[in-house]
Amino acid sequence: MIELNGVKKSFGKQEVLKDVSIKVEDGEVVVILGPSGSGKTTLLRSINFLEKADSGIMKFKDKEINFKSPKKKDILYMRRHTGFVFQNYGLFAHKTVLQNVMEGLVQVQKKSKQEAQSIAEEVLANVGMLEKRDSYPAQLSGGQQQRVGIARAVALKPDVILFDEPTSALDPELVGETLEVIKAVAKTGITMIVVTHEMSFAEDVADRVIFMDGGVVVEEGKPGEIFYKPKEERTRQFLSRIIPQDAYVI
Amino acid sequence: MGNYFSAERFVHIFPKVISNLSVNLHIVFWSMLLGTVLGIIVAVLRIYRVPVVSGLLGIYISFMRGTPLLVQMMISFYGIPIVFGALFMQLFGINLNRLDPVIFVEIAIVLNEGAFLGEIFRGAITSVPAVQAEAGYSIGMTGAQTFYRIVLPQAFKVALPHYGVDFIGVFQNTSLVFILGVVDILGKAKTLGAATGHSLEGYLSAAIVYIAFSLLLKGAFLLAESRMKNGTAKNV
């Protein structure tokens with residue numbers, strides 16, 4: 001279980017997160033929706049301390065971490081128990097696909113090279129990238145890179161995986177294959193928090209949808225409720241622009 | 001060419017000139033070694049933007065890049081003994097005026113290289129996309145692990161060609177030192193020229209040594225670069 005309470009963050013004078021609280025149960029898949037600038041990415045990055053939130057409390061497993069003054073030990077603990085998938089992949093450009101996945105297993109989890117390699121190969125096979133194990137990131141398409149990015153996160157067997165707009169940088173035709181991989185990961189029962197604009201994905205996979213705007217959580221609920229019976233006017237406005245009424249869903 | 005040049009004298013003088021190459025190599029070795037260390041420190045301090053230090057480094061770098069190396073050597077050679085002479089005498093009993101001039105030359109080049117290499121290294125480090133460092137953190141690596149395993153290897157590759165050019169530049173700049181009385185290959189050529197009344201053979205010898213060694217260095221760096229490229233993708 002991961003719980004955030006009263007998270008606040010400003011970039012200079014601009015308040016990006018204004019007292020955000022969310023709670024994610026074990027095994028739950030939560031999708032965070034919202035327009036750009038709503039603070040959803042900042043929130044996700046704060047969990048992994050890639051962004052330093054100004055204040056708030058995070059409860060994770062038996063830990064309670066104050067965002068105001070996180071200990072180095074706690075930051076490492078969070079990072080070692082969560083995986084992160086980046087919008088623009090963030091693969092290590094000087095390492096092969098296999099080395100990218102093995103890096104954390106060997107350097108962080110101190111597994112032997114053989115063990116790390118067999119784990120990495122298994123995970124790469126699951127995302128359909130085993131054949132490209134010796135390629136470098138620059139030799140792969142965006143969709144392939146993102147699948148490696150997902151494999152790198154999954155291989156470490158984190159308690160939670162955080163996805164930051166994992167398909168936003170992809171060509172439209174590559175979005176599908178990447179979403180399939182994310183769906184497959186979701187089926188393994190791992191806890192996931194996904195920031196995305198893919199509505200059909202959210203509807204298929206999410207246990208719960210959180211709608212954020214202007215640095216606050218506007219509304220949350222089951223995908224069916226949020227998409228078809230939103231309570232808040234702001235949610236309705238946002239959705240009507242993303243899924244136009246009477247449009248064909250292909 | 002009449003009496004200006006004789007192959008005989010050239011053959012006679014060439015070994016004498018080349019025998020002083022060790023002076024140039026000594027300068028290059030120490031300048032590059034210490035200059036590289038200083039450059040890394042400068043780059044890291046600049047990247048972390050330490051408030052006051054950063055400003056001072058800015059001034060230091062513009063001074064080093066905005067004045068000729070020869071002027072810096074002169075200031076080092078004549079200035080350091082005047083300013084620190086009494087202090088060194090008191091503390092260590094060292095008379096700075098008696099020190100080998102080569103040391104002041106090396107101090108000047110090290111400080112000069114600290115600025116130039118600092119900028120090369122800084123550029124190389126910042127050229128590695130920030131998201132890769134974040135990815136390193138996200139898989140639970142420490143800051144040091146991320147720097148040494150993710151950022152540095154890639155920055156190294158970016159810096160290497162510039163470093164090679166700079167290295168050869170330093171080698172050629174060692175020719176300035178004879179003005180301060182350090183007898184390197186050029187100094188030797190000039191001395192021999194003055195003694196024999198035939199200077200062209202000596203200077204030609206020096207030129208040959210410079211170009212041969214520069215090409216050697218260039219080849220070595222190109223080899224190193226191609227070695228690095230083999231392991232990784234071309235457009236990284």
Side-chain angles (χ1 to χ4, degrees), chain A residues 44-45 47-52 72-73 75-97 99-110 116 134-140 145 148-149 151-158 160-164 169, chain B residues 40 43-44 47-51 54 120-164 221-236:
Chain A
L44 199 72
R45 288 167 61 86
I47 296 174
N48 220 5
F49 293 96
L50 294 176
E51 213 74 72
K52 199 195 162 298
K72 265 196 169 164
K73 199 180 66 183
I75 294 178
L76 268 186
Y77 182 88
M78 282 310 294
R79 287 174 176 167
R80 287 178 179 174
H81 289 83
T82 56
F84 202 100
V85 176
F86 296 86
Q87 181 176 357
N88 37 5
Y89 334 125
L91 296 185
F92 307 132
H94 61 310
K95 292 184 181 292
T96 64
V97 165
Q99 287 167 344
N100 262 277
V101 182
M102 284 174 62
E103 184 72 11
L105 293 165
V106 175
Q107 297 300 327
V108 179
Q109 300 190 347
K110 308 290 178 199
D134 295 321
S135 300
Y136 283 91
Q139 298 164 323
L140 304 176
Q145 289 193 55
V148 176
R152 179 174 66 187
V154 170
L156 297 166
K157 301 221 175 356
V160 185
I161 302 186
L162 311 167
F163 292 83
D164 181 18
Chain B
I40 292 172
V44 171
I47 286 169
Y48 280 100
R49 291 173 202 260
V50 188
S54 220
I120 289 177
F121 295 154
R122 184 174 70 98
I125 289 171
T126 50
S127 78
V128 180
V131 67
Q132 288 189 42
E134 291 182 347
Y137 293 135
S138 82
I139 60 172
M141 291 171 113
T142 61
Q145 277 179 319
T146 304
F147 184 73
Y148 287 113
R149 297 197 52 85
I150 308 302
V151 178
L152 201 59
Q154 297 185 66
F156 186 78
K157 220 168 68 178
V158 174
L160 192 61
H162 306 285
Y163 189 81
F221 276 103
L222 283 178
L223 189 71
E225 278 169 46
S226 72
R227 279 276 168 83
M228 299 219 62
K229 255 182 203 141
N230 282 342
T232 45
K234 281 148 254 143
N235 50 345
V236 176

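Here the structure is a predicted model, which means the values were calculated and not measured. Chain A is the first sequence line, chain B the second, and so forth, proteins listed ahead of strands; every chain is numbered from 1.
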If you count heavy-atom pairs under 4.5 Å between each of A/Arg79, A/Arg80, A/Arg152, A/His81 and chain B, which one has the most? A/Arg79
Greatest number of non-hydrogen atom pairs under 4.5 angstrom with chain B, of A/Tyr77, A/Phe49, A/Phe92, falls to A/Phe92
With side chains defined as the heavy atoms from C-beta onward, is the minimum distance between A/Gln109 and A/Lys157 less than 4.5 Å? no
Are A/Leu44 and A/Phe84 close enough that some pair of their side-chain heavy atoms sits under 4.5 Å apart? yes
Counting only non-hydrogen atoms closer than 4.5 Å, does [X] touch chain B with its backbone (N, CA, C, O), its side chain (CB onward), both, or neither?
X        : answer
A/Phe86  : side chain
A/Ser135 : neither
A/Ile75  : neither

Between B/Ala159 and B/Phe121, which heavy-atom pair has the shortest distance, and what is it? CB-CD2, 4.2 Å
Shortest non-hydrogen pair, A/Ile161 vs A/Ala153, comes out as CG2-CB, 4.3 Å
Quick one about A/Asn48 and B/Ser138 (side-chain donor to acceptor, distance below 3.5 Å, no hydrogens or angles considered), yes or no? no
Toward chain A, the part of B/Glu134 with a non-hydrogen atom under 4.5 Å: both
